[in-house]
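Below you'll find the structure, written out as C-alpha coordinates, and then a few comments.
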2 protein chains.
Amino acid sequence: MNQKSTKEKIIDQSLEMFNDLGVENITTRHIAKEINISQGNLHYHFPNKDKILEFLFETLILKLKEAEEFDGIELTEDDMLHSMLNNFNIMYAYRLFFQQKEVIWRRVPKIKEAMILLFKTKKLEILALINIYKKEEKFRGDISAEQIEFLAEQFIFSIQSWLNVKNYNPENHSPQYYAKFLFRIWLPYLKNEEMKKWETLLNDIG
Amino acid sequence: MNQKSTKEKIIDQSLEMFNDLGVENITTRHIAKEINISQGNLHYHFPNKDKILEFLFETLILKLKEAEEFDGIELTEDDMLHSMLNNFNIMYAYRLFFQQKEVIWRRVPKIKEAMILLFKTKKLEILALINIYKKEEKFRGDISAEQIEFLAEQFIFSIQSWLNVKNYNPENHSPQYYAKFLFRIWLPYLKNEEMKKWETLLNDIG
DNA sequence: GTCTATACAGCGATAGAC
DNA sequence: GTCTATCGCTGTATAGAC
(Lines give C-alpha, C1' and ligand atoms only; values in the text may rest on other atoms or scores of the structure.)
Protein backbone atom coordinates (compact mmCIF):
# COMPACT_ATOMS: atom_id res chain seq x y z
CA MET A 1 0.00 0.00 0.00
CA ASN A 2 2.83 2.38 0.79
CA GLN A 3 3.63 3.08 -2.84
CA LYS A 4 5.15 6.48 -2.25
CA SER A 5 8.22 7.12 -4.35
CA THR A 6 11.33 8.35 -2.60
CA LYS A 7 10.83 11.74 -4.16
CA GLU A 8 7.31 11.93 -2.76
CA LYS A 9 8.54 10.86 0.65
CA ILE A 10 11.13 13.62 0.61
CA ILE A 11 8.54 16.20 -0.38
CA ASP A 12 5.97 15.12 2.21
CA GLN A 13 8.50 14.96 5.01
CA SER A 14 10.02 18.30 4.04
CA LEU A 15 6.61 19.97 4.06
CA GLU A 16 5.84 18.62 7.51
CA MET A 17 9.18 19.51 9.04
CA PHE A 18 9.49 22.93 7.41
CA ASN A 19 5.99 23.81 8.58
CA ASP A 20 6.50 22.68 12.14
CA LEU A 21 10.14 23.28 12.90
CA GLY A 22 11.21 26.09 10.60
CA VAL A 23 13.00 26.15 7.27
CA GLU A 24 16.14 27.55 8.87
CA ASN A 25 16.35 24.65 11.34
CA ILE A 26 15.72 21.71 9.04
CA THR A 27 18.60 20.37 6.99
CA THR A 28 18.73 17.78 4.25
CA ARG A 29 20.25 15.47 6.87
CA HIS A 30 17.18 15.80 9.12
CA ILE A 31 14.79 15.05 6.32
CA ALA A 32 16.77 12.07 5.06
CA LYS A 33 17.09 10.60 8.54
CA GLU A 34 13.38 10.85 9.23
CA ILE A 35 12.42 8.84 6.13
CA ASN A 36 15.32 6.41 6.52
CA ILE A 37 17.29 7.23 3.44
CA SER A 38 20.82 8.55 3.21
CA GLN A 39 21.63 12.18 2.75
CA GLY A 40 23.41 11.25 -0.45
CA ASN A 41 20.24 9.71 -1.79
CA LEU A 42 18.24 12.81 -0.97
CA HIS A 43 20.74 14.90 -2.88
CA TYR A 44 20.29 12.62 -5.85
CA HIS A 45 16.62 13.65 -6.01
CA PHE A 46 17.06 17.30 -5.04
CA PRO A 47 20.44 18.97 -5.54
CA ASN A 48 19.81 21.24 -2.56
CA LYS A 49 17.35 22.50 0.02
CA ASP A 50 16.21 25.46 -2.05
CA LYS A 51 15.10 23.14 -4.83
CA ILE A 52 12.83 21.34 -2.38
CA LEU A 53 11.35 24.70 -1.42
CA GLU A 54 10.78 25.57 -5.06
CA PHE A 55 9.09 22.25 -5.68
CA LEU A 56 6.80 22.73 -2.69
CA PHE A 57 5.94 26.23 -3.84
CA GLU A 58 5.08 25.08 -7.34
CA THR A 59 2.75 22.51 -5.83
CA LEU A 60 1.06 25.20 -3.76
CA ILE A 61 0.47 27.39 -6.81
CA LEU A 62 -0.84 24.41 -8.73
CA LYS A 63 -3.33 23.52 -6.01
CA LEU A 64 -4.53 27.11 -5.75
CA LYS A 65 -5.09 27.19 -9.50
CA GLU A 66 -6.95 23.88 -9.41
CA ALA A 67 -9.22 25.17 -6.66
CA GLU A 68 -10.04 28.20 -8.77
CA GLU A 69 -11.25 26.06 -11.64
CA PHE A 70 -13.79 24.37 -9.44
CA ASP A 71 -15.30 27.71 -8.49
CA GLY A 72 -18.59 28.36 -10.15
CA ILE A 73 -18.98 31.36 -12.40
CA GLU A 74 -21.98 32.46 -10.41
CA LEU A 75 -21.10 34.51 -7.40
CA THR A 76 -23.53 33.41 -4.73
CA GLU A 77 -22.52 34.24 -1.16
CA ASP A 78 -22.31 30.58 -0.35
CA ASP A 79 -19.94 29.94 -3.26
CA MET A 80 -17.69 32.75 -2.19
CA LEU A 81 -17.54 31.47 1.34
CA HIS A 82 -16.69 27.92 0.40
CA SER A 83 -14.18 28.96 -2.20
CA MET A 84 -12.45 31.03 0.45
CA LEU A 85 -12.50 28.15 2.89
CA ASN A 86 -11.03 25.86 0.28
CA ASN A 87 -8.24 28.34 -0.39
CA PHE A 88 -7.51 28.63 3.29
CA ASN A 89 -7.20 24.90 3.69
CA ILE A 90 -4.60 24.80 0.94
CA MET A 91 -2.74 27.75 2.41
CA TYR A 92 -2.77 26.11 5.79
CA ALA A 93 -1.24 22.92 4.41
CA TYR A 94 1.56 25.01 2.88
CA ARG A 95 1.71 27.50 5.72
CA LEU A 96 5.50 27.75 5.66
CA PHE A 97 5.19 30.11 2.69
CA PHE A 98 3.11 32.53 4.73
CA GLN A 99 4.50 32.09 8.21
CA GLN A 100 8.12 31.94 7.16
CA LYS A 101 7.94 34.34 4.26
CA GLU A 102 10.97 36.38 5.27
CA VAL A 103 13.30 33.42 5.56
CA ILE A 104 12.11 31.81 2.34
CA TRP A 105 12.10 35.04 0.34
CA ARG A 106 15.67 35.74 1.33
CA ARG A 107 16.72 32.24 0.31
CA VAL A 108 14.76 32.03 -2.95
CA PRO A 109 14.02 35.41 -4.54
CA LYS A 110 12.13 33.65 -7.32
CA ILE A 111 9.45 32.65 -4.78
CA LYS A 112 9.28 36.20 -3.49
CA GLU A 113 8.56 37.57 -6.94
CA ALA A 114 5.93 34.94 -7.68
CA MET A 115 4.12 35.62 -4.40
CA ILE A 116 4.11 39.37 -4.91
CA LEU A 117 2.60 38.84 -8.33
CA LEU A 118 0.02 36.46 -6.89
CA PHE A 119 -1.12 39.03 -4.36
CA LYS A 120 -1.27 41.82 -6.92
CA THR A 121 -3.56 39.66 -9.05
CA LYS A 122 -5.73 38.82 -6.04
CA LYS A 123 -6.10 42.51 -5.21
CA LEU A 124 -7.48 43.23 -8.66
CA GLU A 125 -9.93 40.33 -8.31
CA ILE A 126 -11.15 41.74 -5.04
CA LEU A 127 -11.57 45.23 -6.44
CA ALA A 128 -13.65 43.74 -9.25
CA LEU A 129 -15.79 41.97 -6.67
CA ILE A 130 -16.35 45.18 -4.74
CA ASN A 131 -17.44 46.89 -7.94
CA ILE A 132 -19.99 44.16 -8.64
CA TYR A 133 -21.42 44.71 -5.19
CA LYS A 134 -21.53 48.45 -5.78
CA LYS A 135 -23.38 47.98 -9.06
CA GLU A 136 -25.87 45.69 -7.39
CA GLU A 137 -26.41 48.40 -4.78
CA LYS A 138 -25.59 46.10 -1.92
CA PHE A 139 -22.68 48.30 -0.96
CA ARG A 140 -23.00 51.44 1.14
CA GLY A 141 -23.10 54.67 -0.83
CA ASP A 142 -21.28 56.86 1.67
CA ILE A 143 -17.87 55.20 1.44
CA SER A 144 -15.07 57.26 -0.09
CA ALA A 145 -12.94 56.04 -2.99
CA GLU A 146 -9.89 56.04 -0.73
CA GLN A 147 -11.69 53.81 1.72
CA ILE A 148 -12.66 51.32 -0.99
CA GLU A 149 -9.06 51.14 -2.13
CA PHE A 150 -8.19 50.53 1.50
CA LEU A 151 -10.75 47.75 1.77
CA ALA A 152 -9.17 45.83 -1.10
CA GLU A 153 -5.75 46.31 0.44
CA GLN A 154 -7.04 45.19 3.79
CA PHE A 155 -8.24 41.92 2.28
CA ILE A 156 -4.89 41.18 0.68
CA PHE A 157 -3.12 42.19 3.85
CA SER A 158 -5.21 39.76 5.87
CA ILE A 159 -4.87 36.91 3.40
CA GLN A 160 -1.13 37.32 3.49
CA SER A 161 -0.79 37.40 7.21
CA TRP A 162 -3.64 35.38 8.63
CA LEU A 163 -1.30 32.54 9.50
CA ASN A 164 1.02 34.79 11.44
CA VAL A 165 -1.47 35.49 14.14
CA LYS A 166 -2.38 32.06 15.40
CA ASN A 167 -0.13 32.50 18.35
CA TYR A 168 -1.81 34.89 20.69
CA ASN A 169 -5.12 33.21 20.11
CA PRO A 170 -4.36 29.56 19.39
CA GLU A 171 -7.78 28.19 20.29
CA ASN A 172 -9.26 30.06 17.37
CA HIS A 173 -6.68 29.01 14.86
CA SER A 174 -8.33 27.16 12.04
CA PRO A 175 -9.08 27.77 8.38
CA GLN A 176 -12.78 28.01 9.29
CA TYR A 177 -12.12 30.71 11.81
CA TYR A 178 -10.12 32.75 9.37
CA ALA A 179 -12.60 32.41 6.55
CA LYS A 180 -15.11 34.01 8.91
CA PHE A 181 -12.52 36.50 10.02
CA LEU A 182 -11.89 37.60 6.46
CA PHE A 183 -15.56 38.00 5.61
CA ARG A 184 -16.16 40.12 8.66
CA ILE A 185 -13.89 42.76 7.16
CA TRP A 186 -16.52 43.13 4.48
CA LEU A 187 -19.60 43.47 6.67
CA PRO A 188 -19.64 47.11 7.80
CA TYR A 189 -19.30 48.23 4.20
CA LEU A 190 -22.58 46.64 3.20
CA LYS A 191 -26.03 48.10 3.42
CA ASN A 192 -27.84 47.13 6.58
CA GLU A 193 -30.07 44.36 5.20
CA GLU A 194 -27.12 42.88 3.29
CA MET A 195 -24.98 42.97 6.43
CA LYS A 196 -27.61 41.06 8.40
CA LYS A 197 -27.79 38.42 5.67
CA TRP A 198 -24.04 37.87 5.87
CA GLU A 199 -24.09 37.83 9.63
CA THR A 200 -26.43 34.81 9.68
CA LEU A 201 -24.45 33.16 6.93
CA LEU A 202 -21.23 33.47 8.94
CA ASN A 203 -22.85 32.22 12.10
CA ASP A 204 -24.00 29.14 10.21
CA ILE A 205 -20.44 27.92 9.62
CA GLY A 206 -20.23 27.60 13.38
CA MET B 1 32.57 62.30 19.57
CA ASN B 2 32.18 58.61 18.94
CA GLN B 3 31.80 57.75 22.61
CA LYS B 4 29.83 54.55 22.01
CA SER B 5 30.83 51.75 24.30
CA THR B 6 31.67 48.42 22.73
CA LYS B 7 28.44 47.01 24.10
CA GLU B 8 26.45 49.79 22.45
CA LYS B 9 28.29 49.24 19.20
CA ILE B 10 27.41 45.55 19.28
CA ILE B 11 23.77 46.32 19.97
CA ASP B 12 23.43 48.95 17.29
CA GLN B 13 25.17 46.86 14.68
CA SER B 14 23.14 43.78 15.58
CA LEU B 15 19.88 45.68 15.26
CA GLU B 16 20.83 46.96 11.84
CA MET B 17 22.04 43.65 10.50
CA PHE B 18 19.25 41.53 11.98
CA ASN B 19 16.67 43.93 10.55
CA ASP B 20 18.15 44.03 7.08
CA LEU B 21 19.71 40.64 6.53
CA GLY B 22 17.80 38.26 8.78
CA VAL B 23 18.52 36.84 12.23
CA GLU B 24 19.21 33.42 10.76
CA ASN B 25 21.89 34.76 8.42
CA ILE B 26 23.84 37.00 10.79
CA THR B 27 26.40 35.40 13.08
CA THR B 28 28.44 36.80 15.91
CA ARG B 29 31.40 36.73 13.50
CA HIS B 30 29.59 39.07 11.09
CA ILE B 31 28.68 41.54 13.80
CA ALA B 32 32.15 41.57 15.32
CA LYS B 33 33.83 42.05 11.96
CA GLU B 34 31.60 44.96 11.02
CA ILE B 35 32.53 46.97 14.13
CA ASN B 36 36.18 45.89 14.05
CA ILE B 37 36.34 43.86 17.22
CA SER B 38 37.20 40.21 17.63
CA GLN B 39 34.55 37.57 17.99
CA GLY B 40 36.06 36.68 21.34
CA ASN B 41 35.50 40.23 22.53
CA LEU B 42 31.88 40.15 21.42
CA HIS B 43 31.36 36.99 23.39
CA TYR B 44 32.76 38.73 26.45
CA HIS B 45 29.88 41.21 26.29
CA PHE B 46 27.18 38.79 25.17
CA PRO B 47 27.59 35.06 25.82
CA ASN B 48 25.62 34.23 22.66
CA LYS B 49 23.41 35.52 19.89
CA ASP B 50 20.18 34.86 21.77
CA LYS B 51 21.28 37.17 24.58
CA ILE B 52 21.70 39.97 22.04
CA LEU B 53 18.15 39.30 20.85
CA GLU B 54 16.86 39.40 24.41
CA PHE B 55 18.64 42.68 25.05
CA LEU B 56 17.19 44.20 21.88
CA PHE B 57 13.72 43.01 22.83
CA GLU B 58 13.94 44.50 26.31
CA THR B 59 14.90 47.82 24.75
CA LEU B 60 11.89 47.65 22.45
CA ILE B 61 9.52 47.02 25.38
CA LEU B 62 11.14 49.85 27.31
CA LYS B 63 10.68 52.28 24.45
CA LEU B 64 7.06 51.29 23.98
CA LYS B 65 6.41 51.85 27.69
CA GLU B 66 8.13 55.24 27.58
CA ALA B 67 6.01 56.28 24.62
CA GLU B 68 2.88 55.37 26.54
CA GLU B 69 3.79 57.69 29.38
CA PHE B 70 3.93 60.64 27.03
CA ASP B 71 0.40 59.99 25.87
CA GLY B 72 -2.11 62.45 27.24
CA ILE B 73 -4.96 61.16 29.37
CA GLU B 74 -7.40 62.95 27.13
CA LEU B 75 -8.39 60.98 24.09
CA THR B 76 -8.63 63.49 21.33
CA GLU B 77 -8.51 62.08 17.82
CA ASP B 78 -5.30 63.92 17.17
CA ASP B 79 -3.67 62.44 20.26
CA MET B 80 -4.68 58.95 19.25
CA LEU B 81 -3.28 59.38 15.80
CA HIS B 82 0.06 60.72 16.95
CA SER B 83 0.41 58.15 19.66
CA MET B 84 -0.15 55.44 17.07
CA LEU B 85 2.38 57.00 14.75
CA ASN B 86 4.90 57.17 17.57
CA ASN B 87 4.36 53.50 18.35
CA PHE B 88 4.78 52.57 14.70
CA ASN B 89 8.08 54.40 14.46
CA ILE B 90 9.41 52.41 17.40
CA MET B 91 8.09 49.16 15.95
CA TYR B 92 9.69 49.98 12.65
CA ALA B 93 13.08 50.55 14.26
CA TYR B 94 12.79 47.10 15.87
CA ARG B 95 11.00 45.50 12.97
CA LEU B 96 12.90 42.23 13.26
CA PHE B 97 10.56 41.26 16.11
CA PHE B 98 7.56 41.57 13.83
CA GLN B 99 8.94 40.57 10.47
CA GLN B 100 10.99 37.68 11.78
CA LYS B 101 8.69 36.59 14.57
CA GLU B 102 8.75 32.89 13.70
CA VAL B 103 12.52 32.60 13.67
CA ILE B 104 12.96 34.60 16.86
CA TRP B 105 10.15 32.86 18.74
CA ARG B 106 11.63 29.49 17.95
CA ARG B 107 15.04 30.60 19.19
CA VAL B 108 13.87 32.45 22.31
CA PRO B 109 10.55 31.24 23.72
CA LYS B 110 10.76 33.90 26.43
CA ILE B 111 10.29 36.57 23.77
CA LYS B 112 7.33 34.69 22.34
CA GLU B 113 5.54 34.65 25.67
CA ALA B 114 6.23 38.31 26.32
CA MET B 115 4.90 39.32 22.91
CA ILE B 116 1.75 37.25 23.27
CA LEU B 117 1.10 38.94 26.60
CA LEU B 118 1.74 42.35 25.07
CA PHE B 119 -0.84 41.76 22.36
CA LYS B 120 -3.42 40.45 24.80
CA THR B 121 -3.06 43.62 26.83
CA LYS B 122 -3.34 45.77 23.71
CA LYS B 123 -6.56 44.00 22.71
CA LEU B 124 -8.16 44.88 26.04
CA GLU B 125 -7.10 48.50 25.61
CA ILE B 126 -8.70 48.61 22.21
CA LEU B 127 -11.94 47.06 23.44
CA ALA B 128 -12.06 49.72 26.15
CA LEU B 129 -11.59 52.39 23.49
CA ILE B 130 -14.42 50.99 21.41
CA ASN B 131 -16.68 51.06 24.43
CA ILE B 132 -15.89 54.72 25.07
CA TYR B 133 -16.88 55.48 21.51
CA LYS B 134 -20.08 53.51 21.95
CA LYS B 135 -20.96 55.44 25.10
CA GLU B 136 -20.31 58.73 23.35
CA GLU B 137 -22.68 57.55 20.62
CA LYS B 138 -20.12 58.06 17.89
CA PHE B 139 -20.29 54.39 17.05
CA ARG B 140 -22.91 52.83 14.82
CA GLY B 141 -25.78 51.18 16.64
CA ASP B 142 -26.40 48.34 14.19
CA ILE B 143 -23.16 46.45 14.74
CA SER B 144 -23.40 43.04 16.39
CA ALA B 145 -21.44 42.05 19.48
CA GLU B 146 -19.56 39.44 17.44
CA GLN B 147 -18.54 42.08 14.95
CA ILE B 148 -17.22 44.37 17.70
CA GLU B 149 -15.15 41.53 19.10
CA PHE B 150 -13.89 41.01 15.57
CA LEU B 151 -12.99 44.67 15.23
CA ALA B 152 -10.74 44.54 18.28
CA GLU B 153 -9.12 41.39 16.98
CA GLN B 154 -8.68 42.97 13.58
CA PHE B 155 -6.74 45.82 15.14
CA ILE B 156 -4.38 43.53 16.98
CA PHE B 157 -4.02 41.38 13.92
CA SER B 158 -3.01 44.39 11.85
CA ILE B 159 -0.65 45.80 14.45
CA GLN B 160 1.11 42.46 14.59
CA SER B 161 1.49 42.01 10.91
CA TRP B 162 1.69 45.45 9.37
CA LEU B 163 5.41 45.05 8.79
CA ASN B 164 4.97 41.81 6.93
CA VAL B 165 3.18 43.38 4.06
CA LYS B 166 5.59 46.02 2.82
CA ASN B 167 6.65 43.80 0.02
CA TYR B 168 3.87 43.75 -2.48
CA ASN B 169 3.40 47.46 -2.13
CA PRO B 170 6.81 48.86 -1.23
CA GLU B 171 6.13 52.43 -2.32
CA ASN B 172 3.60 52.76 0.46
CA HIS B 173 5.71 51.27 3.18
CA SER B 174 6.15 53.80 5.97
CA PRO B 175 4.95 54.20 9.55
CA GLN B 176 2.77 57.10 8.37
CA TYR B 177 1.09 54.97 5.80
CA TYR B 178 0.32 52.25 8.29
CA ALA B 179 -0.97 54.62 10.92
CA LYS B 180 -3.53 55.71 8.34
CA PHE B 181 -4.09 52.13 7.31
CA LEU B 182 -4.90 51.13 10.85
CA PHE B 183 -7.34 53.97 11.42
CA ARG B 184 -9.19 53.17 8.25
CA ILE B 185 -10.22 49.88 9.80
CA TRP B 186 -12.16 51.93 12.27
CA LEU B 187 -14.00 54.22 9.85
CA PRO B 188 -16.95 52.18 8.58
CA TYR B 189 -17.98 51.43 12.16
CA LEU B 190 -18.53 55.07 12.97
CA LYS B 191 -21.66 57.12 12.43
CA ASN B 192 -21.61 59.02 9.18
CA GLU B 193 -20.65 62.48 10.49
CA GLU B 194 -17.94 60.94 12.67
CA MET B 195 -16.61 59.00 9.72
CA LYS B 196 -16.33 62.15 7.63
CA LYS B 197 -14.42 63.88 10.44
CA TRP B 198 -11.87 61.06 10.53
CA GLU B 199 -11.60 61.01 6.77
CA THR B 200 -10.39 64.62 6.67
CA LEU B 201 -8.12 63.99 9.65
CA LEU B 202 -6.46 61.07 7.86
CA ASN B 203 -6.09 62.99 4.62
CA ASP B 204 -4.31 65.74 6.55
CA ILE B 205 -1.38 63.49 7.46
CA GLY B 206 -0.70 63.35 3.74
C1' DG C 1 38.41 44.56 27.97
C1' DT C 2 40.38 42.88 24.18
C1' DC C 3 43.02 39.86 21.57
C1' DT C 4 44.46 35.21 19.11
C1' DA C 5 43.88 30.52 18.78
C1' DT C 6 41.36 26.63 18.85
C1' DA C 7 37.84 23.01 19.85
C1' DC C 8 33.92 21.04 18.12
C1' DA C 9 29.50 20.36 15.92
C1' DG C 10 26.84 20.84 11.92
C1' DC C 11 26.03 22.36 7.31
C1' DG C 12 25.76 21.58 1.94
C1' DA C 13 27.57 19.09 -1.52
C1' DT C 14 30.21 15.54 -4.11
C1' DA C 15 32.80 11.20 -5.31
C1' DG C 16 32.77 6.59 -5.98
C1' DA C 17 31.23 1.81 -4.87
C1' DC C 18 27.33 -1.25 -5.36
C1' DG D 1 18.66 4.60 -7.06
C1' DT D 2 20.92 4.13 -3.08
C1' DC D 3 24.70 3.78 -0.07
C1' DT D 4 29.09 5.31 2.68
C1' DA D 5 32.71 8.35 3.15
C1' DT D 6 34.59 12.58 3.08
C1' DC D 7 35.81 17.52 1.84
C1' DG D 8 35.53 22.33 2.83
C1' DC D 9 33.19 25.69 5.06
C1' DT D 10 30.78 28.15 8.66
C1' DG D 11 28.62 28.30 13.02
C1' DT D 12 28.98 28.85 18.40
C1' DA D 13 31.65 28.94 22.23
C1' DT D 14 35.78 28.83 25.23
C1' DA D 15 40.76 29.11 26.88
C1' DG D 16 44.51 31.67 27.86
C1' DA D 17 47.81 35.58 26.86
C1' DC D 18 48.20 40.59 27.19
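By convention in this document, chain letters (A, B, ...) are assigned in the order of the sequence lines, proteins followed by strands, and residues within each chain are numbered from 1.
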I need the [atom1]-[atom2] distance between [X] and [N], as an integer number of Å.
X	N	atom1	atom2	answer
B/Met17	D/dG11	CE	C1'	15 Å
A/Ile37	D/dG1	CD1	C1'	10 Å
A/Asn36	D/dT4	CG	P	11 Å
A/Ile52	C/dA13	CD1	P	10 Å
B/Leu42	C/dT2	CG	P	11 Å

Residue list, side chain to side chain donor-acceptor pair (under 3.5 Å) with A/Thr121, at least two apart or on another chain: none

Aromatic ring proximity A/Phe183/A/Trp198, centre distance under 6.0 Å: yes

Qualifying salt bridge (charged side-chain N to carboxylate O under 4.0 Å, His left out) pairs with a residue from residues 83-99 of chain A, counting only residues at least two apart or across chains: A/Asp20-A/Arg95

My understanding is that only residues two or more places apart in sequence, or in another chain, count here; which of them pass side chain to side chain contact (heavy atoms under 4.5 Å, CB included) with [X]?
X	answer
B/Asp12	B/Lys4
B/His45	B/Thr6, B/Lys7, B/Ile10, B/Asn41
B/Arg106	A/Glu24, A/Asn25, A/Gln100, B/Glu102
A/Ser144	A/Glu146, A/Gln147, B/Arg184, B/Glu199

Phosphate oxygens OP1/OP2 of C/dG12: is one of them under 4.0 Å from a side-chain N or O of A/Asn48? no

Just to confirm, is there a sub-4.0 Å distance from OP1 or OP2 of C/dG1 to any side-chain nitrogen or oxygen of B/Asn41? no

Side chain of A/His30 only, please: which of C/dT2, C/dC3, C/dC11 is the nearest? C/dC11

Among D/dA13, D/dG11, D/dG1, which is the nearest nucleotide to the side chain of B/Thr27? D/dG11

Between the CG atom in B/Leu85 and the NZ atom in B/Lys180, the distance rounded to the nearest 0.5 Å is 11.0 Å

If you restrict it to nitrogen or oxygen atoms, what contacts under 3.5 Å exist between nucleotides 14-18 of chain C and the protein, and what is each distance?
none

Name every donor-acceptor pair, under 3.5 Å, that has one atom in a side chain of residues 46-59 of chain A and the other anywhere in the protein, sequence neighbours excluded.
residue: A/Asn48; atom: OD1; partner: A/Asp50; partner atom: N; Å: 3.2
residue: A/Asn48; atom: OD1; partner: A/Lys51; partner atom: N; Å: 3.0
residue: A/Lys49; atom: NZ; partner: A/Val23; partner atom: O; Å: 2.7
residue: A/Lys49; atom: NZ; partner: A/Ile26; partner atom: O; Å: 2.9
residue: A/Asp50; atom: OD1; partner: A/Arg107; partner atom: NE; Å: 2.8
residue: A/Asp50; atom: OD1; partner: A/Arg107; partner atom: NH2; Å: 2.8
residue: A/Glu54; atom: OE1; partner: A/Lys110; partner atom: NZ; Å: 3.2
residue: A/Thr59; atom: OG1; partner: A/Phe55; partner atom: O; Å: 2.8

Has the side chain of A/Arg29 got a donor or acceptor atom sitting under 3.5 Å from an opposite partner on the base of C/dG10? no

Encoded 5' to 3' (Watson-Crick or G-U under 3.5 Å; [ ] crossing; | other strand), DNA chain C becomes ||||||||||||||||||

Which part of the nucleic acid, if any, lies within reach of B/Thr28 when heavy atoms closer than 4.0 Å are counted: base, sugar-phosphate only, or nothing? sugar-phosphate

